[in-house]
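Structure record follows, encoded as structure tokens.
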Amino acid sequence: MSGTEPTADGLYELLAAYEGRPAATGGTGKDPVNLPMIRHWCEAMGDAHPAYRGPDAIAPPTMLQAWTMGGLSGHTDRSGAYEELSALLDGAGYTSVVATDCEQEYLRPLRPGDEITFDAVIESVSPRKTTKLGTGHFVTTRMDVRTAGTLAGTHRFRILKYAPAGRPPATGTGAERPPARRPRPVVNRDNAGFWEGVAAHRLLIQRCGDCAALRFPWLPGCADCGSGEWDTVEASGAGTVFSYVVMHHPSFPAFDPPYAVGLIELAEGVRMISNVVGVPYDKVRIGMPVRLEFLRADEELELPVFRAGGED
């Protein structure tokens, strides 16, 4: 990010007036907390924690938002304020949108049978910001999730509504535009060690200092025992394709669709998302052996990818 810019024509004052207005009032979950959804979630996430099974099961805390989703048919209890805010931004030329981050706070466990209610509010709209994607405004909504009238957790979701940055114009006869660069990864205090390892051509996995459970992606605490102590082990580089998707749309300047994005199960047992290379996108298969290598994306960025073919 690079600073706050002045806002023309009083737009920001109009946007800021939406802060505190409801985005949803008295919403209800379409289903109570239930074991089938918990099971599907745990299978998709590869989470076999015993707390999520059996007669005394609780729901994984990270499922908090799942119980509020409306599905394909949507919800009828949304207010018009959020749509008005979005339309105001669209009308000012900020027609693109990207989710930037979310924050969740867990106050009590949810259990099968709990009925879910929720309220959402437009918590903040930022002044105009310039990012590498373009110029726009960050919009943050906060959802309070309750059961039996008791606050169970809070979910904050932040998007950037922006006008895409223009591509550099070609210069001279027959001149080509410079190649687009991949988006930069978000490096913070929780994952900086991982990216330092990548720079040294090492794929590092966190290991809990108390129970020795391996975890990826990097997190500040252990999901199994809650310990904040950890060290790292270096991945061997061997893995298999656990699942994958082929990206056709949307088109992004730094990528050339179609291409395969795989969920790779490393030999150590953890999984990570990365590109599958060395084979046509339509030849990628579940169970395919792959081997780690490092891709120099540009002069500043190196990324771990996985080449089809398995062991050297």
Side-chain angles (χ1 to χ4, degrees), residues 40-49 52 60-63 98-102 104 182-209 211-225 227-228 230-247 252 254-255 257-279 281 283-298 300-312:
H40 291 315
W41 177 281
C42 290
E43 288 179 357
M45 297 299 176
D47 192 340
H49 197 288
Y52 309 142
T62 49
M63 286 189 75
V98 62
T100 61
D101 63 285
C102 69
Q104 291 185 333
R182 287 201 182 204
R184 308 292 97 172
V186 176
V187 180
N188 55 40
R189 63 182 182 180
D190 293 329
N191 67 9
F194 170 76
W195 290 106
E196 290 169 2
V198 169
H201 287 192
R202 302 174 67 212
L203 184 63
L204 299 179
I205 304 168
Q206 280 183 309
R207 177 174 58 190
C208 177
C211 72
L214 300 181
R215 63 179 185 262
F216 193 91
W218 282 35
L219 296 169
C222 178
D224 287 352
C225 73
S227 172
W230 57 272
D231 60 6
T232 62
V233 296
E234 184 174 356
S236 68
T240 57
V241 176
F242 183 81
S243 184
Y244 70 95
V245 296
V246 175
M247 302 298 296
F252 192 82
F255 298 87
Y259 55 92
V261 178
L263 178 60
I264 308 301
E265 184 163 79
L266 301 179
E268 291 74 18
V270 299
R271 298 171 188 158
M272 68 177 291
I273 295 173
S274 184
N275 289 115
V276 179
V277 301
V279 65
Y281 70 90
K283 300 299 182 184
V284 176
R285 294 291 183 268
I286 290 174
M288 173 182 285
V290 292
R291 165 63 63 175
L292 172 70
E293 63 180 48
F294 292 89
L295 170 69
R296 172 62 68 179
D298 56 49
E300 297 177 355
L301 181 64
E302 201 157 13
L303 297 169
V305 298
F306 289 86
R307 181 168 293 276
E311 298 294 338
D312 294 331

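Bear in mind the structure is a predicted one, so any value in this text is a computation, not a measurement.
- Ser274 contributes atom OG, which lies 9.5 Å from atom CD of Glu293 (distance to the nearest 0.5 angstrom).
- Between Arg271 atom CZ and Glu265 atom CD the span is 4.5 Å, to the nearest 0.5 Å.
- In plain terms, the two heavy atoms of Cys222 and Cys225 that are nearest each other are SG-N, 3.4 Å.
- Looking at Thr62 and Met45, their side chains never come closer than 4.5 Å, going by heavy atoms from C-beta outward.
- Residue Tyr52 comes nearest to Pro61 through the heavy atom pair OH-CD, 3.6 Å, listed as atom of the first residue, atom of the second, then distance.
- With contacts defined as side-chain heavy-atom distances shorter than 4.5 Å, the pair Thr232/Trp218 qualifies.
- Taken from CD in Glu196 to CG in Asn191, the straight-line distance is 10.0 Å, to the nearest 0.5 Å.
- Listed here is the closest heavy atom pair of Met272 and Pro304: CE-CG, 4.1 Å.
- Closest of all the heavy-atom pairs between Arg184 and Arg182 is NH2-O, 2.8 Å.
- Under the 30°/60° scheme for interplanar angles, the aromatic rings of His201 and Phe294 are found to lie parallel.
- By the 4.5 Å heavy-atom criterion applied to side chains, Leu301 and Pro185 are counted as neighbours.
- Rounding to the nearest 0.5 angstrom, the gap separating the CZ atom in Phe306 from the CG atom in Leu295 is 12.5 Å.
- Minimum interatomic distance between Arg296 and Glu302 (heavy atoms only, all atoms of both residues): NH2-OE1, 3.2 Å.
- Using a 4.5 Å cut-off on side-chain heavy atoms (C-beta onward), Val261 and Val276 make no contact.
- Of the options Val284, Leu263, Ile264, a side-chain contact (heavy atoms from CB on, under 4.5 Å) to Tyr244 is made by Val284 and by none of the others.
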Run the side chain to side chain contact (heavy atoms under 4.5 Å, CB included) check on Arg215 and Trp230 step by step: do they pass? CA-CA 10 Å; Arg215 63 179 185 262; Trp230 57 272; 3.6 Å; yes
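- Here the side chains of Leu214 and Leu266 are not in contact, with every heavy-atom distance at 4.5 Å or above.
- Residues Phe194 and Leu203 form a side-chain contact, since some pair of their non-hydrogen atoms from C-beta on lies under 4.5 Å apart.
- Considering Val186, Val187, Asn188, Leu204 in turn, Val187 is the only one that fulfils the side-chain contact (heavy atoms from CB on, under 4.5 Å) rule with Trp195.
- The line from CD of Glu234 to CD1 of Ile205 is 9.5 Å long, rounded to the nearest 0.5 Å.
- The shortest side-chain heavy-atom distance between Ser227 and Cys211 does not fall under the 4.5 Å cut-off.
- The shortest heavy-atom contact between Ala297 and Leu303 is CB-CD1, 4.4 Å.
- Side chain of Asp47 to backbone of His49: a donor-acceptor contact under 3.5 angstrom is found.
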